[in-house]
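Just so it is clear, the values below take in all heavy atoms, side chains as well, and ignore hydrogens, waters and symmetry mates. Model, not experiment: these values are computed from the prediction.
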Amino acid sequence: MAPDADAFAQARRFLSLYAQQSGLDEERADDLVQAAAELMAVGGRVHQVLALTVHEHPDRLTVLVDLAGPVSVDVADEAVVLLNELSRQWGWHQLPGCTQVWCEVPKHGSTT
């Protein structure tokens, strides 16, 4: 199931603007948007997105998505394959009041 359409549209705008301001190419921007969409839909259902942030490192970007409440993170096989192709690594952890899902996307080039 796709993430909430409004939340996805906001994520797309935020990540596209971030990529443009950071000088990332279009492919990296698309990877960020697709990875965020997969993270927003973990467990195969729509979640309330509390926050979407990007942390920049010298060679990678970490995309963090905070989902409201405790979330069962059951990622479909297709999503696992896609996240593995888009990112170096990804995962999740529980925080007070939310579940944070994340992935690391290379700044340039492929994930290999």
Side-chain angles (χ1 to χ4, degrees):
M1 175 177 283
D4 174 85
D6 289 335
F8 181 70
Q10 287 179 329
R12 176 179 288 283
R13 283 191 301 273
F14 167 74
L15 292 169
S16 294
L17 181 60
Y18 177 88
Q20 182 182 29
Q21 291 176 343
S22 298
L24 298 176
D25 63 29
E26 189 174 329
E27 183 179 350
R28 279 309 101 183
D30 290 344
D31 288 350
L32 287 175
V33 169
Q34 186 61 48
E38 292 301 322
L39 295 175
M40 291 166 67
V42 296
R45 65 184 190 90
V46 175
H47 303 284
Q48 179 185 2
V49 177
L50 301 175
L52 171 66
T53 57
V54 178
H55 291 224
E56 192 166 343
H57 309 279
D59 63 341
R60 69 191 185 288
L61 302 167
T62 302
V63 178
L64 303 156
V65 180
D66 292 351
L67 305 172
V71 172
S72 173
V73 181
D74 180 23
V75 183
D77 290 343
E78 300 83 27
V80 169
V81 169
L82 186 56
L83 281 168
N84 285 341
E85 288 177 6
L86 292 172
S87 65
R88 291 180 175 173
Q89 57 182 332
W90 59 274
W92 66 90
H93 54 272
Q94 299 292 321
L95 298 174
C98 74
T99 300
Q100 187 173 75
V101 289
W102 58 271
C103 70
E104 290 185 350
V105 177
K107 271 190 177 176
H108 308 283
S110 68
T111 60
T112 56

Using a 4.5 Å cut-off between side-chain heavy atoms of Ile, Leu, Val, Met, Phe, Trp and Tyr, which other residues end up in the same hydrophobic cluster as Leu64? Trp102

Do Val63 and Val81 sit in the same hydrophobic cluster, where Ile, Leu, Val, Met, Phe, Trp and Tyr count as joined when their side-chain heavy atoms come under 4.5 Å apart? no

Going from CD on Gln34 to OG on Ser87, what distance comes out if it is rounded to the nearest 0.5 angstrom? 11.5 Å

To the closest 0.5 Å, what do you measure between SG (Cys103) and CG (Leu39)? 4.5 Å

Would you say Gln20 has more than 12 foreign heavy atoms packed within less than 6.0 Å of its CD? no

Under the salt bridge (Lys or Arg N to Asp or Glu O under 4.0 Å) rule, collect the residues that match up with Arg12, sequence neighbours excluded. none

CD of Glu56 to CG of Leu61: how many Å apart, nearest 0.5 Å? 5.5 Å

Any chance you could measure Leu15, atom CG, to Asp31, atom CG, to the nearest 0.5 Å? 11.0 Å

Checking the side chain of Lys107 only, and the main-chain atoms of His57 only, is there a donor and an acceptor separated by less than 3.5 Å? yes

Under a 4.5 Å side-chain heavy-atom rule over Ile, Leu, Val, Met, Phe, Trp and Tyr, are Leu67 and Leu50 clustered together? no

Decide whether Leu95 and Trp90 are clustered together by the hydrophobic rule: side chain heavy atoms of Ile, Leu, Val, Met, Phe, Trp, Tyr closer than 4.5 Å, transitively. no

Mark yes or no for whether Thr53, through its side chain, and Val65, through its backbone, hold a donor-acceptor pair below 3.5 Å. no

Rounded at 0.5 Å granularity, tell me how far CD in Glu38 sits from CG in Leu86. 7.5 Å

Could you pull out all residues at least two apart from Asp59 that satisfy salt bridge (Lys or Arg N to Asp or Glu O under 4.0 Å)? Arg88

To the nearest 0.5 Å, what is the distance between CZ (Arg60) and CD (Gln89)? 7.5 Å

